[in-house]
Amino acid sequence: MTPSPPSPHGSDPREPKAAKAPRDPKKIPAEKAAVRKSVTEKTAAETATGKKAAEKKTAAAGKAVTKKAVTAKTTTKKAVAKKAVAKKAGTKKAVAGKAVAAKRSVAREAPPAGPLEVALSPALDADDRERLLHGTHHQPHAVLGAHPAPGGIVFRAFRPYARSVAVVTGDLRAELHDDGDGFFSGLLPLREVPAYRLVVAYEDTVQETEDPYRFLPTLGDLDLHLIGEGRHEELWTVLGAHPLTHQGVAGTRFCVWAPNARAVRLAGAFNFWDGIGYPMRSLGSSGVWELFVPGIGEGELYKFDITRPDGSRTQRADPMARRTETPPATSSVVEASHYEWGDEEWLARRGERPAHEAPLSIYEVHLPSWRPGLTYRQLAEQLPAYVRELGFTHVELMPIAEHPFGGSWGYQVTGFYAPTARLGTPDDFRFLVDALHRAGIGVLMDWVPAHFPRDDWALAEFDGRTLYEHEDPLRAAHPDWGTLEFDYGRREVRNFLVANAVYWCEEFHIDGLRVDAVASMLYLDYSREPGQWTPNEHGGRENLDAVAFLQEMNATVYRRVPGVVTIAEESTAWDGVTRATHHRGPSGFGGLGFGLKWNMGWMHDSLEYMSHEPVYRRYHHGEMTFSMVYAYSENYVLPISHDEVVHGKKSLVSKMPGDWWQQRANLRAYLAYMWAHPGKQLLFMGQEFAQGAEWSEEHGPDWWLLDPAYGAEADHRGVRELVGDLNSVYRSTPALWERDTSADGFAWVVGDAADDNVLAFLRRDADGTPLLAVSHFSPVVRHDYRLGVPDDIPAWYEVLNTDAGRYGGSDVFHPDPVKPEPQPWHGHPASIRLTLPPLSTVWLRPA
């Protein structure tokens, strides 16, 4: 947008700490004022084309903003004119246009050689002038600011819309010459560049401010080297906007990586979104542009005004912004954290046990819709208590990085380093994470490094050419989502993403990252037809760049942040997703290095089985047993996620066949079977109380189902109570989690009773102590059902029964311990006889 000139009725927000210009109460209309005018002729140096330009500067002493009158006399017609300092008047009747009091003179102290003179500086090169005016200058600090020159120090300022600019250093003050087009300059007879400030006068405003172009670069050689190598693991500490004190002056450092840009300027609310007066400097081959702006602090809105290689311009949000405006607004916000954490105890003990050998049951949450309208801090008052009551060990937050379209649920990210402003500030989000930790609940976060949207203010062709996306259009365009895929082969892009993973874990104390859409990253032919993809250098379909990126990300996160876990949403049979990166598998690849992987096969197979009427389940029995064929090929999470309860897939309870009672009974039996199966558990919000409707991000879970005034409230509360008990028994029973990844921790009792719809197996902890899980997916009661058991257990007692009346079941249970009989059965030396409740799962432990 084209900015308006500074308002005649207020301060110019382009400069911090604006002060009103003093007004002369004796000022009268110009036609009645008796004002002497002096003219200083200025002759510009000859340009490269041989042309000469001469400019005249006129100033009315009666309108002087500072009430200091200076008489400039024309003394010569030479190429460089000198401006004499007026002498002190001898009487009070001296004409104001001819003299100025010494204490208000332009130069208060004369250098040793004689009186201070403000001379015309060497003319600004015409090319520099044009490039600054048109936003194509890559080194503004080389011509603006203060620089040694023959005869003294040259001061140059570029202040569009200003009426005058003066330099103040110590007790000295000098008015710079107006060179036109917003340029001001002067040559002062000083021996070295001093610390100085600028006094800038606009139509109705005078501002005293630091000159951004007097400061040295804020980034050192090591930072630039690491950025160039793609190895800066704390990238967020150098790129983006950072309030700091530089050379003794408070302000904000702005840095952005834009290697293809002809020039970059800083635009924001402080300069009417017109970056013409704020060009940034290029820091060499790093592709980084930098500018330190004094007086700018937290809360300022900004973007980068980029001149593309073709000369066109675009304003872009900061890819490294740590805070953004609330969508649909798109500006970046200067941010600094002031949060003081209180989760030291949590962090100290979270790494005591590896995730795959620890209890891990996850409640998946979409924060904006869990309780619609709540902020991060309000959620902190409710979410930890609710999750703790249910007994989950962790929450998993669907993506909370900033995204423009809420309907994407956060999976189309534009602000990779900024928690969404919809719910509050970054420190507010820290408050929520801290509250969960202090409640004993870990925090996992969905992370989306697979793709990004095409919004023209974000990452797409950021500096005018492909940058974050792959240069090959076939590799760049994601075939399913209309988004762009990252170029994992470019070291700076890989650095951007690896540092981002570390950032969330270190800056927000996130305990783990669930990495979205890993399969789409790993395969060049993902959702592509023949001819739409190019094989890798070995002729294969594996994306070798993505493999290297994922390995680097996992290795870096685990090295830097002890106790965290990374989880892959990988829907294929890729070999070694959770294998160490330095261990090669049969495919020849090292492992990807994840801690856990979503078991999508188990999820699809088990839900397919449960969707059938019990009479037909015998024909699908293998769908419930097949998961144990590959159960130890990876470290698995069993996910019932948001993806399974939207877009016509129905909610979990609505997938179940039968009438309302049977649907809930099936659901209860399925959940207990899931909690007993090897692997960790994940359950999406709303499914814990058998919500009948699909999830919608617009209104969230149907909490009214738990209202005591609702007639069927008991049905839903019963399922929620079961989930709480599942978690309670699970956490206190090491057999259910300690050996999830070891075949020694599982043994079938009966896996082939398809006609009975029965599954029974033993889980064992590291000491061999067992738990017996029996699932019966038929709506009839089976009496005296014999099951083989070890002969070293004197009695078994029922620790959980999904048919209990308080859950909404028919209350068929075993109140007394069940003693084994010496009759071998199912390959075991002893056996017990149980009454199997209808559509139920029963857990038994040694008495």
Side-chain angles (χ1 to χ4, degrees), residues 364 569 571 598-631 636-679 681-696 701-702 705 715-716 718-719 722-723 726 751-761 773-780 782 802-803 807-810 836-842:
E364 188 185 25
E569 188 220 9
S571 56
W598 275 20
N599 193 336
M600 311 293 279
W602 171 88
M603 180 268 296
H604 286 296
D605 289 347
S606 62
L607 289 180
E608 177 68 18
Y609 174 87
M610 295 302 299
S611 68
H612 293 291
E613 291 285 349
V615 67
Y616 300 116
R617 285 174 175 167
R618 68 181 67 184
Y619 305 113
H620 300 273
H621 194 77
E623 293 171 354
M624 292 294 269
T625 59
F626 181 66
S627 60
M628 292 311 302
V629 173
Y630 60 87
Y636 283 117
V637 174
L638 311 180
I640 300 298
S641 73
H642 63 277
D643 278 331
E644 308 314 314
V645 295
V646 291
H647 299 326
K649 295 181 182 179
K650 303 180 181 179
S651 70
L652 187 56
V653 71
S654 297
K655 296 176 188 290
M656 306 298 166
D659 58 24
W660 177 230
W661 187 92
Q662 290 183 345
Q663 284 183 311
R664 289 182 292 110
N666 273 304
L667 173 61
R668 294 192 302 268
Y670 178 72
L671 289 174
Y673 155 78
M674 170 183 172
W675 254 251
H677 190 285
Q681 295 77 37
L682 179 143
L683 187 66
F684 183 60
M685 64 184 195
Q687 312 316 301
E688 76 274 16
F689 57 82
Q691 174 174 315
E694 287 185 341
W695 168 64
S696 167
D702 292 333
L705 295 172
D715 295 340
H716 298 279
V719 175
L722 169 66
V723 171
L726 286 172
D752 58 357
D755 291 341
D756 299 333
N757 296 350
V758 170
L759 296 164
F761 52 83
V774 184
S775 292
H776 176 220
F777 295 112
S778 180
V780 299
R782 297 190 187 276
T802 65
D803 192 52
Y807 303 144
S810 57
L836 302 185
L839 298 174
S840 64
T841 293
V842 177

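Under the rule for a side-chain hydrogen bond (donor to acceptor under 3.5 Å, both in side chains), the partners of E364 that lie at least two apart in sequence or sit in another chain are H642. Every residue meeting the salt bridge (charged side-chain N to carboxylate O under 4.0 Å, His left out) condition with R664, not counting sequence neighbours, appears here in chain and number order: D715. Considering only residues two or more places apart in sequence or on other chains, E623 meets the salt bridge (charged side-chain N to carboxylate O under 4.0 Å, His left out) condition with none of them. For the side-chain hydrogen bond (donor to acceptor under 3.5 Å, both in side chains) test, residues two or more places apart in sequence or in another chain that qualify with R782 are H776. Partners of W660 under the ring pair (Phe, Tyr, Trp, His ring centres under 6.0 Å) rule, at least two apart in sequence or in another chain, are H716. When the ring pair (Phe, Tyr, Trp, His ring centres under 6.0 Å) test is applied to H604, no partner is found at least two apart in sequence or on another chain.
Taking CG of L667 as the start and NZ of K655 as the end, the distance is 11.5 Å to the nearest 0.5 Å. Considering CD of E688 and CD1 of I640, their distance stands at 13.5 Å, rounded to 0.5 Å. One distance of note links CZ of R617 with OG of S778; it measures 8.5 Å at 0.5 Å rounding. Distance check, rounded to the nearest 0.5 Å: CE of M656 to CG of L839 gives 10.5 Å. Here the CE-OH distance, from M624 to Y673, works out to 4.0 Å after rounding to the nearest 0.5 Å.
In terms of modelled atom types and a separation under 3.5 Å, the side chain of N757 and the main chain of P614 share a donor-acceptor contact.
The 12-atom threshold is exceeded at OH of Y630, counting heavy atoms of other residues, nucleotides or ligands nearer than 6.0 Å.
Checked against the 6.0 Å centroid criterion, the rings of W695 and F684 qualify as a close aromatic pair.
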